[in-house]
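The next block holds one structure in the form of structure tokens; read it before the comments.
On a predicted model such as this, the values are computed, not experimentally measured, just so you know.
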Amino acid sequence: MGSRCREVVTLQLGHYSNFVGTHWWNGQDAALCYDGESSEPYSDIGNNVLFREGLTLQGQPTYTPRLILMDLKGSLSSLKQEGALYGVSQTEPTLTWKGTLSVHKEDPVVKNQFLQQLDQLGGEVDSSRNLISTAFQGEERAAALSVAVRPPDLSHSTYRLESNVRVWSDYLRVHLHPKTISVVQQYSHSSTADRFEAFGFGEKLIRDPSFLDDFEDRLHFYIEECDYLQGFHVLCDLQDGFAGLSAKVVELLNDEYGGRGIFTCGFTPTSYADTNPLKEVHRLLNSVMGIVHLAGRSSAFCPMSLNKNALGRKRLSPATFPHVVYDASLNYHSSALLATALDTLTIPYRLHSSAVSLTQLTDVLNQSGRKVVTASATIPFPMRDMDTLPDVLCRQQTELPWTGLSACGDLNDSRCFAQSVVMRGVSPEQQISNLAPGGKAASILHNCPTGEEVLGTFLRSHFPTTLSAVHLTQTPCKVTTPYPQFFTPSFNKHGQLMGSGRVPSTSAVESIPVMTALQSSPVLHSVLRSLYREVSRLNLRKFSTFLSAGTELDDFKDVLEELKTLSQCYKMNFDQDDSEDNSDSD
């Protein structure tokens, strides 16, 4: 694991972010080794960067995410939370009332087949999945369960999770530490009144002394056991009150742990059930506030969504992947793709062999005030079992191989200030050409002696003046239960495309190769400028709910000017100035 662990603490703030995070932790948990024998012949990713190590009563090692997770009341389904988080007394309270009592009982949530199977295999998991206990007891309990419980080796179609997942905990397979889950009791997930829908509500929340004390207690618990803290991942919802809460959390992290890297991802669902025009405006305003505040306080901020215009009011068609057939209306589906990209984007500072830190990576990308970055991914990377990396990249010809995940429309701009590109799941034998000695190379890529040079040469052909950081890892991305099986039948279980004439696969895909790019791109000039123009046309006095949440009109005007300035950071010398329209038309 190397001489230094270089820990990262992760914070998940918001319901959709927890959908993404659940898939992310499930995939990493599937790759962990609990019995001393790795399921992969190689593993070059350091688990202890994101996971904390513990010991069972039998001395067996175990891992739980180094994670603080926040969501609204009613978001946990069968993952029970009672009263004070993980501090509830199991004794009956003393009754002092002598009158009659009315007892109201709520039927327990019916678990889907996947959770029922986990309970059966866990042995020690009680019927309510309630992990409430003291911190030490909870750690020992979680450790024992992590060793004992492994997901059942059944096909994904058995569970039919597409029709059974309502909230993210419906497919959670990893066991969490008692310091992880924090429920926002002031707001309800399913409530139609007093919704957590404005930036100011989130800012107010962290000013509550009891809420702040609870958060800092959880944070310090994880920080104090770190030997060498790299920094933080902040995964947050961008279009509701969690944007405001996240902005304050990132501000707190900066104040207390200055110099540590903070990589923030702002997530937006692909679609919403409620498309009321007023709600759309609130989402737009929250996005603008979130982008400006989070970009200013993070080392790098990356908006992520499968909707091509998720940051604005006009909804475009969702992103497409050539070998994935997914339902964009299902958070369970869209979040899985974003989690796969996130898992790969963060690999450079999680490798055993890498000397790159989170701060160093973000410093490369955020020069000249360009704190906002874009994400792209190829899921899965289309590689046949007899292919080499040069073969696949040559077939791309003049097109870039990835799909944008940052709501920048269909723009395919080859200009780029700086980028980090990661290729995973390709064996050393397939990273370079198998050209026979003395044979004629099909391209310059086939002459490269290493996979890094193959990928670097390909990137220079598209981005000749761009600073590119390239990382290759053999470790594929795990997509086992309960990851959705939305891949086309042309893939084998290792995520490789089968050649023509072969019988389509009937087995579930277990792992896939993935390629991602994290870029500081001039595309953001037009994207951020368009947001500025769209919001500038609004008459904010008409949206009393947003302003009554605590956002002052003058403060919002300052945010708009900051957004305009931020967009200028991405302007190329030959870009045309955008005309501004500051009329109050809405």
Dump the intermediate steps for salt bridge (charged side-chain N to carboxylate O under 4.0 Å, His left out) on D208 and K204, then the final yes or no.
CA-CA 7 Å; D208 182 340; K204 286 181 179 179; over 6 Å; no
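- From F267, atom CZ reaches atom CZ of F242 across 14.5 Å, with rounding to the nearest 0.5 Å.
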If you apply the rule side chain to side chain donor-acceptor pair (under 3.5 Å), what do you find for T22 with Y332, and how did you get there?
CA-CA 10 Å; T22 298; Y332 169 64; over 6 Å; no
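- Residues F199 and H293 bring their aromatic ring centres within 6.0 Å.
- Nearest approach of T180 to L67, heavy atoms of both residues: OG1-O, 3.0 Å.
- If you look at W25 and F51, their ring centroids are closer than 6.0 Å.
- Residues S329 and D327 approach most closely at OG-OD1, 2.6 Å, considering heavy atoms.
- Between D170 and K111 there is no salt bridge, since no side-chain nitrogen of the basic residue lies less than 4.0 Å from a carboxylate oxygen of the acidic one.
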Go through the steps for Y171 and T481 under the test side chain to side chain donor-acceptor pair (under 3.5 Å), then give the verdict.
CA-CA 9 Å; Y171 59 94; T481 307; over 6 Å; no
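- For the atom pair CD (Q230) and CZ (R350), the distance works out to 10.5 Å, reported to the nearest 0.5 Å.
- Separation of the H15 and F19 ring centroids falls under the 6.0 Å cut-off.
- Contact record, G290 with A243: CA-CB, 4.4 Å, taken as the closest heavy-atom pair.
- A salt bridge links D29 with R173; the closest basic N to acidic carboxylate O contact falls under 4.0 Å.
- When every heavy atom of K248 is checked against every heavy atom of I206, the shortest pair comes out as CB-CG2, 3.4 Å.
- Under the 6.0 Å distance and 45° angle rule, R195 does not count as a cation-pi partner of Y187.
- Under the side chain to side chain contact (heavy atoms under 4.5 Å, CB included) test applied with S536, the options L563, L531, L560 reduce to a single match, L560.
- Ring-plane geometry between F487 and Y483 is classed as parallel, the angle between the planes falling under 30 degrees on a 0 to 90 degree scale with a further cut at 60.
- Ring-plane geometry between F232 and Y257 is classed as tilted, the angle between the planes lying from 30 to 60 degrees on a 0 to 90 degree scale.
- In this structure, H233 and Y349 have tilted ring planes: the angle between them lies in the 30° to 60° band.
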Candidate pair T344 and R424, rule side chain to side chain donor-acceptor pair (under 3.5 Å), full reasoning
CA-CA 7 Å; T344 305; R424 70 182 302 179; 3.3 Å; yes
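- Aromatic ring centroids of H189 and F196 lie 6.0 Å or more apart.
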Verify side chain to side chain donor-acceptor pair (under 3.5 Å) between S406 and T374, making sure each step is shown before the conclusion.
CA-CA 5 Å; S406 290; T374 64; 5.1 Å; no
Worked check of salt bridge (charged side-chain N to carboxylate O under 4.0 Å, His left out) between K478 and D343
CA-CA 10 Å; K478 285 285 189 178; D343 191 32; over 6 Å; no
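- The residues E225 and R52 are annotated as salt-bridged, a charged nitrogen and a carboxylate oxygen being separated by less than 4.0 angstrom.
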